[in-house]
Amino acid sequence: MILHTLIDYDTLRVIWWLLLGVLLIGFAVMDGFDLGTDILLPFVAKTDIERRTVINSIGPVWEGNQVWLILGGGAIFAAWPPLYAVSFSGFYLAMFAILFALILRPVGFKYRSKRDSAAWRNGWDWALFIGGLVPALVMGVAVGNVLQGVPFHFNGDLRVFYDGTTLFELLNPFGLLAGLLSVTMLVMHGAGWLMLKTDGPIAERARAFGSLAAVATIVLFAIGGAWLWFGHFGYRITSEIVAGGPSNPLAKSVELARGAWFVNYATHSWMMLAPALGFVGALGSLALLRAGKGGFSWLLSSVSILGIISTVGLSMFPFILPSSVDPRSSLTVWDASSSHLTLFIMLVCALVFVPIIIAYTSWVYRVLWGKVDPREIGRDGSHAY
């Protein structure tokens with residue numbers, strides 16, 4: 001196959017860095033409101049029929065939304081093998097916690113109404129709450145640790161060694177701040193969804209909790225930026241960059257540098273659009289939540305998610321996963337990818353299948369458009385959660 005030579009290796013690497021960002025943002029936007037709704041479940045719904053209404057607002061779509069998580073994991077595995085090796089081994093306990101929580105969700109959906117017992121159903125409602133909170137929190141904590149640097153190194157044979165100890169070392173102050181930001185961001189997103197899909201007391205309570213979450217998102221995002229500015233986070237490459245060279249993380253020099261995560265914004269002023277979208281989207285979502293405009297609030301919370309995640313990616317570029325114990329081992333866009341041919345074949349597959357997924361998802365949401373009617377749930381419970 002010689003078609004892959006039509007696109008330079010360095011260009012393909014950047015394309016897959018962008019596609020990875022798209023997949024992660026797609027997961028946060030599409031599955032994020034599911035997680036946010038799960039977190040809100042015990043607080044916005046007081047009666048059994050209200051809780052069933054909340055569950056049925058996401059029941060038909062949550063499984064399809066998780067396709068974005070599978071796509072993101074698959075892209076990391078195939079396009080960035082060293083990143084997959086370090087993150088899925090170093091964050092093993094964190095990944096297990098996320099997996100356990102995600103397993104609770106389908107079990108909770110299916111088993112909640114199997115018994116007409118208040119204690120039974122209340123227990124599964126809190127299981128769904130855990131299934132939403134834990135992934136949102138742990139994924140944010142992971143991003144916070146990535147910004148600080150992860151303790152791993154490569155030896156001379158490019159074998160990777162994770163030098164961390166336990167899950168609790170990930171729960172450092174900045175990691176927890178990032179985790180809380182992730183939770184509030186998704187609660188804001190879920191509140192907009194509930195206002196779009198429900199009426200009455202549920203929508204009113206969602207508006208109140210979503211407004212608080214939007215304010216917290218703005219405050220935590222600002223604190224996180226200030227912490228990065230005044231803290232000793234950030235890495236920079238001090239040797240020559242070979243964008244089209246072989247994937248060898250040790251073929252460069254890297255140093256820890258205060259304020260390095262802000263250099264890209266000084267060099268490319270257009271990148272300031274990302275944090276601006278993070279703030280403007282959250283502010284707009286707050287205003288529309290207060291005005292009772294759930295659909296538009298959901299759209300602007302999506303914009304805020306886009307801006308916040310893009311801020312992380314653009315700040316770190318070209319780094320993907322910096323090393324805190326051996327900066328030279330840090331993984332970058334230029335030295336952690338698969339081969340030229342592999343990236344090209346994957347790109348062709350992505351250009352075919354991602355539009356199909358988007359088209360099918362759009363069709364499903366069009367078919368399921370409209371608010372959840374509690375009367376329908378009560379009248380024909382066999383077709384509702």
Side-chain angles (χ1 to χ4, degrees), residues 21-41 43-44 54 57-58 61-62 64-66 68-69 72 129 132-133 135-137 139-140 143 177-199 202-225 273-314 358 361-362 365 368-369 371-372:
V22 168
L23 294 176
L24 294 178
I25 292 169
F27 167 70
V29 170
M30 298 307 299
D31 204 36
F33 70 81
D34 292 345
L35 299 177
T37 299
D38 285 337
I39 296 171
L40 286 168
L41 173 63
F43 308 105
V44 300
V54 170
S57 73
I58 59 174
V61 298
W62 72 271
N65 291 340
Q66 291 197 153
W68 294 96
L69 177 62
F129 167 79
L133 177 66
L137 178 66
M139 289 178 186
V143 172
L177 173 70
L180 290 175
L181 172 58
S182 175
V183 170
T184 59
M185 177 179 73
L186 298 187
V187 168
M188 170 183 67
H189 199 40
W193 176 257
L194 284 176
M195 289 188 66
L196 175 65
K197 297 292 289 183
T198 65
D199 282 317
I202 297 174
E204 286 300 314
R205 297 181 193 120
R207 181 173 71 166
F209 282 107
S211 298
L212 292 174
V215 172
T217 298
I218 295 166
V219 172
L220 291 173
F221 190 36
I223 292 174
L273 179 63
L277 288 176
F279 284 114
V280 171
L283 283 168
S285 181
L286 171 62
L288 290 168
L289 282 169
R290 301 304 302 165
K293 306 292 185 181
F296 290 109
S297 169
W298 185 88
L299 289 175
L300 281 178
S301 63
S302 300
V303 170
S304 181
I305 291 172
L306 166 66
I308 291 172
I309 296 178
S310 297
T311 297
V312 175
L314 292 173
I358 293 174
T361 301
S362 301
Y365 277 86
L368 298 173
W369 191 254
K371 293 183 181 291
V372 179

Enquirer: Can you tell if the side chain of Leu194 reaches within under 4.5 Å of the side chain of Leu40, non-hydrogen atoms only?
Expert: yes
Enquirer: As an exercise, state the distance from CG of Leu137 to CG of Leu180, rounded to the nearest 0.5 Å.
Expert: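 The distance works out to 6.5 Å.
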Enquirer: Is the backbone of Val54 close enough, under 3.5 Å, to the side chain of Ser57 for a donor and an acceptor to pair up by distance?
Expert: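 Yes.
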Enquirer: Indicate yes or no: at least one non-hydrogen side-chain atom of Leu289 is less than 4.5 angstrom from one of Phe209.
Expert: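 Not touching, per the 4.5 Å side-chain cut-off.
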Enquirer: Checking Val312 now: which residues fulfil side-chain contact (heavy atoms from CB on, under 4.5 Å) with it, not counting sequence neighbours?
Expert: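 Testing Val312 for side-chain contact (heavy atoms from CB on, under 4.5 Å), a comparison that skips the adjacent residues, returns Val143, Leu147, Met316.
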Enquirer: Nearest heavy-atom pair of Gly307 and Leu277: which atoms, and what distance?
Expert: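 That closest heavy-atom pairing would be CA-CB, 3.9 Å.
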Enquirer: Pair Leu41, Thr37 - check side-chain contact (heavy atoms from CB on, under 4.5 Å), show working.
Expert: CA-CA 6 Å; Leu41 173 63; Thr37 299; 5.9 Å; no
Enquirer: At their closest point, which heavy atom of Lys371 faces which heavy atom of Met195, and how far apart are they?
Expert: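 So the two residues come closest at NZ-O, 3.1 Å.
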Enquirer: When rounded to the nearest 0.5 angstrom, what distance separates CG in Leu220 from OG in Ser182?
Expert: 11.0 Å
Enquirer: Could you label the plane-to-plane angle of the Trp193 and Trp298 rings as parallel, tilted or perpendicular, counting under 30° as parallel and over 60° as perpendicular?
Expert: tilted
Enquirer: Any idea how His189 and Phe33 line up, ring-wise: parallel (<30°), tilted (30 to 60°), or perpendicular (>60°)?
Expert: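 Geometry flag for Phe33 against His189: perpendicular rings.
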Enquirer: Got Val61 and Tyr365 here, is their nearest side-chain heavy-atom distance under 4.5 Å?
Expert: yes
Enquirer: Can you find a pair of side-chain heavy atoms, one from Ser304 and one from Met188, that are under 4.5 Å apart?
Expert: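 Heavy-atom side-chain distance check passes, below 4.5 Å.
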Enquirer: Does any part of the side chain of Val280, heavy atoms only, come nearer than 4.5 Å to the side chain of Val303, both counted from C-beta?
Expert: no
Enquirer: As an exercise, state the distance from CD1 of Ile218 to CZ of Phe279, rounded to the nearest 0.5 Å.
Expert: 8.0 Å
Enquirer: Quick check on side-chain contact (heavy atoms from CB on, under 4.5 Å): which of Leu177, Thr184, Val183 does Leu181 satisfy it with?
Expert: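 When Leu177, Thr184, Val183 are each tested with Leu181, the side-chain contact (heavy atoms from CB on, under 4.5 Å) holds only for Thr184.
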Enquirer: Applying ring pair (Phe, Tyr, Trp, His ring centres under 6.0 Å), can you list everything that pairs with Trp62, at least two apart in sequence or on another chain?
Expert: Phe109
Enquirer: Does a sphere of radius 6.0 Å around CZ in Phe296 hold more than 12 heavy atoms from other residues, nucleotides or ligands, not counting ones at 6.0 Å or beyond?
Expert: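 Counting neighbours around CZ of Phe296, 12 or fewer heavy atoms of other residues, nucleotides or ligands fall under 6.0 Å, so no.
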Enquirer: Can you confirm whether Leu186 sits close enough to Ile305 that some side-chain heavy atom of one is under 4.5 Å from a side-chain heavy atom of the other?
Expert: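 Touching, per the 4.5 Å side-chain cut-off.
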Enquirer: Calculate, to the nearest 0.5 Å, the distance between atoms CD and CE belonging to Gln66 and Met30 respectively.
Expert: 12.0 Å
Enquirer: With a 4.5 Å heavy-atom cut-off, do Asp38 and Ile58 have their side chains touching?
Expert: yes
Enquirer: If you measure from CD1 on Ile202 to CD on Glu204, what distance do you get to the nearest 0.5 Å?
Expert: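 Output value for this atom pair is 11.5 Å.
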Enquirer: Mind running side-chain contact (heavy atoms from CB on, under 4.5 Å) on Leu306 and Val29 for me, showing each step along the way?
Expert: CA-CA 8 Å; Leu306 166 66; Val29 170; 5.7 Å; no
Enquirer: Supply the atom-to-atom distance Leu300 CG to Leu286 CG, rounded to the nearest 0.5 angstrom.
Expert: 11.0 Å
